[in-house]
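First up is the structure itself, then whatever we jot down about it.
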Amino acid sequence: MNKKRWGIVLVVVIISSWIGYRAVHAPVSRTTVVSESDSTQKTDKNTPSSLKLNSKNSKEDTKSKEREFTDEDFKEFDQIEKNWLSTVEVIVGEKNYPRYLEMRNRNEQEKMQAYKEYHDYLRQKYGDTFSYNISEDQSIREKQINQRYLKELLELIGPEAFKKYTEAKDQFNENMRRENKESIQMEF
């Protein structure tokens with residue numbers, strides 16, 4: 001795979017890992033939609049509470065919480081990704097590794113598609129000017145996608161190797177938390 005494609009895959013993995021991490025670790029009360037347009041819009045009774053408008057937050061508040069990534073950050077993410085993939089290759093074996101990469105890619109594509117569908121739903125419902133945190137519903141959908149691929153991986157590599165894989169993944173994620181690298185969490 002060429003460097004450009006790896007870069008794209010890495011960015012998708014980082015973004016979806018960050019989204020998944022924030023969805024799991026963010027309190028439900030922070031899950032809101034903030035409209036930059038008409039804050040007096042009415043929502044119907046079928047609108048989930050996680051999608052109700054919250055006019056207390058401003059565009060400036062939202063922007064101040066965003067972090068810009070530097071070239072150094074991306075180099076570090078790239079190295080962390082390489083380390084993780086090397087660990088996975090040892091665990092799943094050289095024979096199963098290409099299949100793992102394919103499954104991992106499909107997993108990320110499905111999560112991005114789910115995110116896009118959710119985003120399109122919100123755009124249709126509230127217009128083009130809104131911001132939001134991932135809702136519990138979206139997080140559940142991403143977890144279901146991930147669980148399906150984990151089950152497929154279990155079938156591919158067997159229970160013994162799968163146990164090593166999950167232990168390595170949990171240890172990797174714990175190390176990232178300890179190093180305060182919240183945006184880098186491996187889900188698959």
Side-chain angles (χ1 to χ4, degrees), residues 1-27 30-34 36 57-94 96-119 122-123 128-135 138-139 141-143 145-146 149-150 153 164-188:
M1 194 179 285
N2 65 31
K3 285 186 177 187
K4 185 176 181 181
R5 188 155 185 211
W6 268 111
I8 292 170
V9 169
L10 177 63
V11 169
V12 168
V13 167
I14 290 170
I15 290 171
S16 61
S17 296
W18 181 81
I19 289 170
Y21 177 82
R22 295 304 302 158
V24 170
H25 292 88
R30 290 185 54 203
T31 308
T32 58
V33 174
V34 180
E36 296 170 6
N57 293 343
S58 68
K59 187 175 184 177
E60 292 78 28
D61 290 341
T62 303
K63 291 227 180 246
S64 68
K65 294 177 186 175
E66 295 175 4
R67 177 176 185 250
E68 300 223 2
F69 291 104
T70 65
D71 287 340
E72 282 301 312
D73 290 330
F74 284 112
K75 286 177 186 175
E76 183 179 7
F77 294 157
D78 188 40
Q79 186 57 50
I80 290 169
E81 179 78 5
K82 286 177 184 176
N83 293 345
W84 169 246
L85 291 175
S86 294
T87 301
V88 171
E89 185 174 17
V90 169
I91 293 170
V92 303
E94 192 175 315
N96 293 324
Y97 185 65
R99 178 78 191 274
Y100 167 81
L101 291 176
E102 181 225 320
M103 290 166 48
R104 189 169 191 251
N105 188 37
R106 284 191 341 242
N107 181 341
E108 294 304 321
Q109 287 175 347
E110 283 189 41
K111 287 179 186 176
M112 290 305 289
Q113 181 61 33
Y115 172 79
K116 182 185 178 310
E117 289 170 4
Y118 186 70
H119 185 79
L122 292 177
R123 179 178 289 139
D128 287 335
T129 53
F130 66 90
S131 62
Y132 64 98
N133 292 328
I134 298 299
S135 74
Q138 180 64 14
S139 177
R141 188 170 179 198
E142 288 180 7
K143 286 178 187 176
I145 292 168
N146 200 56
Y149 281 96
L150 287 171
L153 181 63
K164 289 178 186 176
Y165 170 84
T166 55
E167 288 172 353
K169 180 172 61 82
D170 292 345
Q171 185 61 49
F172 177 89
N173 289 338
E174 181 59 30
N175 290 343
M176 291 299 102
R177 276 191 286 278
R178 284 186 187 147
E179 294 176 21
N180 201 23
K181 295 182 182 345
E182 294 179 356
S183 63
I184 306 173
Q185 296 289 300
M186 293 301 157
E187 295 177 352
F188 184 78

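Quick note: residue numbers are just sequence positions, from 1.
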Name the residue from Phe172, Tyr100, Phe77 that meets the ring pair (Phe, Tyr, Trp, His ring centres under 6.0 Å) definition with Trp84. Phe172
Rounded to the nearest 0.5 Å, how far apart are CG of Asn107 and CG of Leu150? 7.5 Å
For the backbone of Glu187 and the side chain of Asn146, can you confirm whether one donor and one acceptor N or O come within less than 3.5 Å of each other? yes
Rounded to the nearest 0.5 Å, the CD atom of Glu174 sits from the CZ atom of Arg177 at a distance of 5.0 Å
Using modelled atom types only, decide if a donor and an acceptor are shared between the side chain of Asp73 and the backbone of Thr70 within a distance under 3.5 Å. yes
Report the C-alpha separation of Leu85 and Arg104 in whole Å, then their side-chain angles, then the decisive distance to 0.1 Å, and conclude whether the side chain to side chain contact (heavy atoms under 4.5 Å, CB included) test is met. CA-CA 11 Å; Leu85 291 175; Arg104 189 169 191 251; 3.6 Å; yes
Measure the spacing between CG of Asn83 and CG of Asp78 and express it to the nearest 0.5 Å. 9.5 Å
Gap between atom CD of Gln109 and atom CD of Gln113 - 0.5 Å precision: 9.5 Å
OH on Tyr149 to CD on Glu108, rounded to 0.5 Å: 10.0 Å
Which atom of Met103 lies closest to which atom of Phe188, heavy atoms considered: CE-CZ, 3.6 Å
Report yes if the side chains of Pro98 and Glu102 come closer than 4.5 Å at any heavy-atom pair, otherwise no. no
If you count the non-hydrogen atoms of other residues, nucleotides and ligands that lie under 6.0 Å from CD in Glu94, is the total more than 12? no
One thing to verify: whether Lys75 and Asp71 come together as a salt bridge, which I'm taking to mean a side-chain N less than 4.0 angstrom from a carboxylate O. no
Do Gln171 and Glu167 have side-chain N/O donor and acceptor atoms under 3.5 Å apart? no
Taking the side chain as every heavy atom from C-beta outward, state whether Arg123 and His119 have any pair of such atoms under 4.5 Å apart. yes
How close do Met186 and Glu81 get, counting heavy atoms only, and between which atoms? CE-OE1, 3.4 Å
Could you tell me whether Glu110 and Arg106 have a side-chain N and a carboxylate O separated by less than 4.0 Å? no
